[in-house]
Structure formats: C-alpha cells, structure tokens
Peer 1: 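Below is the structure I would like to discuss, written out as structure tokens.
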2 protein chains.
Amino acid sequence: MPKLGMEPIRRAALVKATIDEIGANGSLDVTVSQIAKRAGMSSALAHHYFGGKEQIFLAAMRHTLSVYAAEVRGALIMADTPRERLEAIIRAGFGTSNFRREVIAAWLNFYVLAQTSSEAKRLLTIYQRRLHANLMFNLRPLLGDDAQDAAYRIGGLIDGIYLREALTITKTSSKAATKHVLAALDLELGKTK
Amino acid sequence: MPKLGMEPIRRAALVKATIDEIGANGSLDVTVSQIAKRAGMSSALAHHYFGGKEQIFLAAMRHTLSVYAAEVRGALIMADTPRERLEAIIRAGFGTSNFRREVIAAWLNFYVLAQTSSEAKRLLTIYQRRLHANLMFNLRPLLGDDAQDAAYRIGGLIDGIYLREALTITKTSSKAATKHVLAALDLELGKTK
DNA sequence: TTGTTTATTGACTCGTCAATCAACAAAAAA
DNA sequence: TTTTTTGTTGATTGACGAGTCAATAAACAA
C-alpha cells in the first residue's frame, strides 16, 4: 500500500481540507480528526506530517496568502499603466478564488488566530504591508504625497468589504465589491462624475 | 449571605467579564469557568442565570451593540447639519469606549460567532443596517442619488479600519482612524484639497 | 413557625479532543 | 537477504470543559 513521496500530497490535501473545514464550520473550532477525515487519512497522520494543530492552521494560512499573492502578480503582468495596475490589484483581491465563502471565512478566522499566534500575526502583517506597498507604488505617480493616505483608505476599504461579505454573501457580491472599490479609487484619483 | 435582587448585578458582571475575557484571550475559546471566575462567582451560577455559553456570548454582543448605539445617539444630538452628523457618527464609532483592545477583539470574535449563530448574525446585520441608514439619511441631502454608494463605501471603510486595528493597536490609532475616515468623507462630498 | 422563593456552590457526569505509541506494511538501500 | 526509511492507523492516554444536581442558606410570605 504505502507509496513513496506521499508527504507533499498529504500536506497539500490537509491544507485544502483545513480551509474547507474552517469555511464549512465557520470557526477555528475544528478538530484535527475532522480535517484529516476530509483529507482522507487518519488524524495520527496529520500529526505525523505537521506536528500539531496550530502548524496545520499556519500552513493553511501561508497557502491562502500565497495563492492571493500569486493572483495579484498574475493580474499585474497584464497591466501597463499605474491606473491599470491599481485596477488589477483590486480585481485580483476580489477574484473568484479569494471570494468564495470558505476562503472568506478562513481569512476572517485567520485574523482571530493572529490575536493568539504571533506567527499568524506576522503573516497577516506581511499581507497588509504588501498590499499597501503595491497600492502606494502605483498611486504615487498619480497622487504624489497624497498616495500614502489614499493607499491606506483603499486598503482599508478592501478589508472592510471582505469583512462584510463574511457575513452575507450573494452571487453578485464579487462584482459589486469590485465596482465599489473601483469607484472609491476614481474618487481618490479626483474624477468627478 | 444571599442578598435578594442579585440577578441584574450578576448578569451585568458576567457580560462585562465575557467581553474582557474574550479580549484578554483573543478568541471565543474561553471557558464559562474563566468568565465566571473573572466575574467573581462559580460557573454553576453563570449557567443558572444564562442557561448556556452561547447565551452568555449573545448577551455580551447585545450589550456591546447597545453601548455603541447609545454613543452614536449621544453624538448626534450635538450635531445640527448633515455634515456635522456624519462626522459625529464617524467619531462615535471610533470613540474611546469602542476602540479599546478588548472591545475590538470582542467585535472581531462576534463576526466569527455570526458564522455559527443565526442570532449573532441577526444582531450584526442590524448594526450594519443601522449604520448604513444613518449614513444614508445624512448623505442624501448632500449627494442625492449617489448617497447609496457613498454610504456603502464609508461603512465598509469604518469596518475595514476596525479590522486592521484588531491586528495592531497603538495609542494614536483612534485619532488616525477618525482622520482617515473623515478624509474619505470629504472626498465623497467632493472637496478638492 | 412553616413553607416558598432566590442565591450559591462543590462535586460529579459525560463527552470530546490533542497528542502519543505500538505495530504493521512496503519500498529501497545495504 | 537483512536493514532502514517512509507511510499508515487503531487504540490509548490524559486533560479539560459544558452542563447538571443535590445540598445549603438567607430572605420573605403564610
């Protein structure tokens, strides 16, 4: 039975199962057994590969963040002007893969985890900084010294809309969220309607 | 020993202890015993007055929401013009009592609770609707049909900044948060700097 | 005085869960 | 072939926590 080279496969399965289970459950109050079962293995194996529950959570977080980062990077290569790049960042953040119920719920719970785990906090801080830096970089040519504050506001709005969607999600909310943030961006850039 | 009329006192003590304990702990992962101990009584008594853990949480939530509502109401009586009232709403949201670590952490965890408990979800939805209605009411005279979208953005920004503060809190973050949202309000109202 | 309501707790039940371990199996290296 | 490495699980341990209950006691009503 035992095939070799299972480790990466098992780890990936556990990470995915963790996000799904947190999403399905709506809280971090999920057992290692539940996660392991969803990933098709025994709980002992989950412990074997990750050492403990918190490390499973952290791995799930890292994965979520890295998927998000990859999507932003992907969207950025298609964009040439600062304005296009800003739009790409916003669209990527609300893209389908980050905007599913489970993923949003997982993000929300990662914020909670960050209150206890300094590693989780570190990861979230990195995310926030990266978002801020990305926004800044592209706002500066358009707004100069006002870019700092504008980036803060756009970043905050993205997170805030995420939070709202954690509460109620509809089929159209991804589109609506994007539209609203883009409108805020236009305001920042001084477009009068 | 037993004095009569303890019920309201015990309940209030438990509600306060719950918020403090969630704040100190950073998660809903607090035991009834911890809460009861902090409130100076046995866990059996906590069960006696509230019936169960979830109902203790919900009572804490209702209390938090009603304190918030009271503060907004209070700020509004001093304000005469729509613009002043908008400012009052924003300032109240970031007022000292809502902006302490424990309270922010509690709010964050209430969002998590809302994923599991429909009553918690109901309460949060009420909060969001009330905020939206308040903003709308005062934005409409200034913006007309654009008020709807503007209210959505301002509301989202308030929540988003709250979320960020749940991660890192500094002595000046209350002031900074207020400043940023007021700046966003000015943008919405079309003031060019 | 006797009975009822309110306040209060220590001890207990029952369940759950993270983590560990012994044991088994197969591939690969020796 | 023997040994080591890698994969895998069922069973177990040890701890903890929500909720219940019986018992105790003060206040109040009859």
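Every chain is numbered from 1, with letters handed out A, B, ... down the list of sequences.
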Peer 1: Would you say N98(B)'s side chain and F94(B)'s backbone share a donor-acceptor pair under 3.5 angstrom?
Peer 2: no
Peer 1: Calculate the interatomic distance between E54(A) atom CD and dA19(C) atom P; express it in whole Å.
Peer 2: 9 Å
Peer 1: For a quick check of understanding: with a heavy-atom distance under 4.0 Å over all strands, which category does T31(B) fall into, base, sugar-phosphate or nothing?
Peer 2: sugar-phosphate
Peer 1: Which whole-number value in Å describes the distance from K53(B) NZ to dT20(D) P?
Peer 2: 14 Å
Peer 1: Just how far, in rounded Å, is P of dA27(D) from CD of E7(B)?
Peer 2: 18 Å
Peer 1: Mapping S43(B) and G5(B) to their closest nucleotides on DNA chain C, which lands nearer the 5' end?
Peer 2: G5(B)
Peer 1: Tell me: NE2 of H48(B) to P of dT24(D), nearest whole Å?
Peer 2: 18 Å
Peer 1: Indicate the ring-plane relationship of Y152(B) and H180(A), choosing parallel, tilted or perpendicular according to the 30° and 60° boundaries.
Peer 2: parallel
Peer 1: Among dT9(C), dT6(C), dC21(C), find the nucleotide with the atom closest to the side chain of L4(B).
Peer 2: dT6(C)
Peer 1: Quick one: M6(B) CE to dA25(D) P, roughly how many Å, whole number?
Peer 2: 18 Å
Peer 1: Using whole Å, report how far CG of L45(B) lies from P of dA25(D).
Peer 2: 17 Å
Peer 1: Taking only side-chain nitrogens and oxygens of Y49(B), does any of them come within less than 4.0 Å of OP1 or OP2 of dT8(C)?
Peer 2: yes
Peer 1: Starting at CG of D29(B) and ending at P of dC16(D), how long is that distance when rounded to a whole Å?
Peer 2: 13 Å
Peer 1: Take the protein atom NE2 of H47(A) and the nucleotide atom P of dG14(D), then report the distance between them rounded to whole Å.
Peer 2: 16 Å
Peer 1: Are E21(A) and K37(A) close enough for a salt bridge, meaning some N to O gap below 4.0 Å?
Peer 2: no
Peer 1: Would you indicate whether R140(B), at its atom CZ, is surrounded by more than 12 heavy atoms from other residues, nucleotides or ligands within a distance under 6.0 Å?
Peer 2: no
Peer 1: Nearest to the side chain of R10(B), which nucleotide is it out of dT8(C), dC21(D), dG7(D)?
Peer 2: dT8(C)
